[in-house]
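Numbering of residues begins at 1 and proceeds along the displayed sequence.
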Amino acid sequence: MANENGAAKGGWKLQEIIFVAMLCIVFGVVYLVAVYAAAAMVAAFTPMGIGPMGNEIVFGIWFMVSTLAAYIIQRPGVALVSEVIAALIEVLLGNMYGPMVIVTGLVQGAGAELAFALGRYKSFETKDMLLASLFCTIISFVWSFIRSGYGLISLPILMLFFVVRLVSSVVFCGLGSKAIGDALAKTGLLKGYALGRSRA
């Protein structure tokens, strides 16, 4: 509930809540498209014995809303909440993996949230976005090790998967999310949000 100044409980403003919700809807669709694109690549890589590589190439896409929303809003909890909501929307739209995707979203969002928390939510520079992409990679890879049987993969292939996921994460959720945020800020559409105010 928002008070007369527009501030929502927990410090969020109503316009921030609406904006994050819109981002989550957009990325819920993007995430779902990425799932089916990854499935096609997994099928292509399976004859070579490295099927999961198809997922690793696009894995960074599934972290994007957490870093983009946090970069624009710059408040505690944004990275985690946005990733979980986007995962929920992805499930509602028909993700083939079902509700477990929401847990995955929680894990992935926690990585970005931790990175921004280390800077006390006061720094959202390129280095912070890259740190978030690194943390997302590490935490999600541990989850893959537990959930997806990565412990059965040989060490050289496992290391290759990690490197590919890290590169994907840096490109999409680190540099990519920052580029999108900066482009939106230049249009003036974000003047009511922390990123837009910092560029005014």
Visitor: Could you report the tightest heavy-atom contact between A70 and F124, atom names first, then the distance?
Guide: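 For A70 and F124, the tightest heavy-atom pair comes out as O-CE2, 3.4 Å.
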Visitor: If the condition is side chain to side chain donor-acceptor pair (under 3.5 Å), which residues does S82 pass it with, not counting sequence neighbours?
Guide: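 Partners of S82 under the side chain to side chain donor-acceptor pair (under 3.5 Å) test: none.
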Visitor: Can you get from V142 to L152 by hopping between Ile, Leu, Val, Met, Phe, Trp and Tyr side chains that sit under 4.5 Å apart?
Guide: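 No; L152 is not reachable from V142 via cluster members.
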Visitor: Are any side-chain N or O atoms of S177 and backbone N or O atoms of G174, one a donor and one an acceptor, separated by less than 3.5 Å?
Guide: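 Not at all, since once roles are kept as given, no pair shorter than 3.5 Å links the two residues.
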Visitor: If you take all heavy atoms of I61 and A34, which pair is closest and at what distance?
Guide: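 Result for this residue pair: CG2-CB, 4.0 Å.
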Visitor: Check whether V29 and L23 end up in the same hydrophobic cluster, where Ile, Leu, Val, Met, Phe, Trp and Tyr are linked by side-chain heavy atoms less than 4.5 Å apart.
Guide: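 Yes; tracing contacts between hydrophobic side chains, which count when under 4.5 Å, links both residues.
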Visitor: Under 3.5 Å, is there a donor-acceptor pair between the side chain of Q108 and the main chain of S140?
Guide: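 Not a single qualifying donor-acceptor pair exists.
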Visitor: Are V107 and L134 linked, directly or through other ILVMFWY residues, by side chains that come within less than 4.5 angstrom of each other?
Guide: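 Different clusters: V107 never reaches L134 through Ile, Leu, Val, Met, Phe, Trp or Tyr contacts under 4.5 Å.
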Visitor: Stepwise, does the ring pair (Phe, Tyr, Trp, His ring centres under 6.0 Å) test hold for Y193 with F19?
Guide: CA-CA 9 Å; Y193 308 95; F19 186 81; 4.7 Å; yes
Visitor: For the side chain of S168 and the backbone of G60, is there at least one donor-acceptor N/O pair under 3.5 Å apart?
Guide: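 Checking the backbone N and O of G60 against the side chain of S168, a donor-acceptor pair under 3.5 Å is found.
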Visitor: Could you give the distance from CG (L155) to CG (L160), rounded to the nearest 0.5 Å?
Guide: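 Reported value, rounded in 0.5 Å steps: 11.0 Å.
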Visitor: Is there a donor-acceptor pair closer than 3.5 Å between any side-chain N or O of E113 and the backbone N or O of L80?
Guide: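 Indeed, once roles are kept as given, a pair shorter than 3.5 Å links the two residues.
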Visitor: Does the S66 side chain pair with the main chain of E83, one donor and one acceptor, at a distance under 3.5 Å?
Guide: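 Side chain of S66 to backbone of E83, a donor-acceptor pair under 3.5 Å: no, none is there.
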Visitor: What residue among F162, F135, F161 forms ring-ring contact (aromatic ring centres under 6.0 Å, His included) with F141?
Guide: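 Only match with F141 under ring-ring contact (aromatic ring centres under 6.0 Å, His included): F162.
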Visitor: At their closest point, which heavy atom of A194 faces which heavy atom of I73, and how far apart are they?
Guide: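 Smallest interatomic distance, heavy atoms only, reads CB-O, 3.4 Å.
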Visitor: Whether the S144 and R165 side chains hold a donor-acceptor pair (N or O, under 3.5 Å, no angle test) is what I'd like checked.
Guide: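 Side-chain D/A pair, S144 to R165: present.
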Visitor: With clusters defined by side-chain heavy atoms of hydrophobic residues (ILVMFWY) lying less than 4.5 Å apart, directly or transitively, does Y97 cluster with V42?
Guide: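 No.
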Visitor: Return yes if some donor-acceptor pair links the side-chain N/O of S123 with the main-chain N/O of G119 below 3.5 Å, else return no.
Guide: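 Checking the backbone N and O of G119 against the side chain of S123, no donor-acceptor pair under 3.5 Å is found.
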Visitor: How long is the gap from CD1 on I153 to CE on M159, to the nearest 0.5 Å?
Guide: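 I153 CD1 to M159 CE: 13.5 Å, rounded to 0.5 Å.
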Visitor: If you take all heavy atoms of A132 and F116, which pair is closest and at what distance?
Guide: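 A132 and F116 have their closest heavy atoms at CB-CZ, 3.9 Å.
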Visitor: To check you understand the geometry: which heavy-atom pair defines the closest contact between T187 and L184, and what is its length?
Guide: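 Taking T187 first and L184 second, the nearest heavy atoms are OG1-O, 2.5 Å.
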Visitor: Taking the side chain as everything from C-beta on, heavy atoms only, tell me whether R75 gets closer than 4.5 Å to Y121.
Guide: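 SC-SC contact between R75 and Y121 ruled out.
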Visitor: Please state whether the rings of F59 and W62 are parallel, tilted or perpendicular, taking 30° and 60° as the class boundaries.
Guide: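 Perpendicular, since the angle between the ring planes exceeds 60°.
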Visitor: So I102 and L106, side-chain contact (heavy atoms from CB on, under 4.5 Å) or not? Walk me through it.
Guide: CA-CA 6 Å; I102 300 172; L106 179 64; 6.0 Å; no
Visitor: Let me confirm one number: the OG1-CG distance from T137 to L166, rounded to the nearest 0.5 Å.
Guide: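 Spacing of OG1 (T137) from CG (L166) equals 4.5 Å.
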Visitor: To the nearest 0.5 Å, how far apart are OG in S133 and CG in L175?
Guide: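 It is 7.5 Å, given to the nearest 0.5 Å.
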Visitor: Evaluate side-chain contact (heavy atoms from CB on, under 4.5 Å) for V103 paired with W143, printing each intermediate quantity in order.
Guide: CA-CA 10 Å; V103 179; W143 176 242; 3.9 Å; yes
Visitor: Apply the test side-chain contact (heavy atoms from CB on, under 4.5 Å) to residues R197 and L190: give CA-CA distance (whole Å), side-chain angles for both, the deciding distance (0.1 Å), then the verdict.
Guide: CA-CA 8 Å; R197 290 192 296 270; L190 303 180; over 6 Å; no
Visitor: Counting only N and O atoms by type, is there a donor-acceptor contact under 3.5 Å from the side chain of S148 to the main-chain atoms of Y150?
Guide: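 Checked: no pair found.
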Visitor: Check step by step if side-chain contact (heavy atoms from CB on, under 4.5 Å) holds for M22 and F27.
Guide: CA-CA 9 Å; M22 291 173 60; F27 277 94; over 6 Å; no
Visitor: Look at the side-chain heavy atoms of Ile, Leu, Val, Met, Phe, Trp and Tyr, link any pair under 4.5 Å apart, and say whether I139 and Y31 land in one connected group.
Guide: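 Hydrophobic grouping puts I139 apart from Y31.
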Visitor: For residues F45 and G54, report the shortest heavy-atom separation together with the two atoms involved.
Guide: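 Closest approach of F45 to G54, heavy atoms only: CD1-N, 3.7 Å.
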Visitor: About how many Å separate CG of L114 and CG of L118, when rounded to the nearest 0.5 Å?
Guide: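 Reported value, rounded in 0.5 Å steps: 5.0 Å.
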Visitor: Go through the structure and list residues passing side chain to side chain donor-acceptor pair (under 3.5 Å) with R199, not counting sequence neighbours.
Guide: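 Listed in chain order: Y71, D182.
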Visitor: Do M53 and V164 touch side chain to side chain, with heavy atoms closer than 4.5 Å?
Guide: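 Yes - at least one pair of side-chain heavy atoms lies under 4.5 Å apart.
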Visitor: In Å and rounded to the nearest 0.5 Å, what is the CD1 to NZ distance from I18 to K13?
Guide: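 One finds 13.0 Å between CD1 of I18 and NZ of K13.
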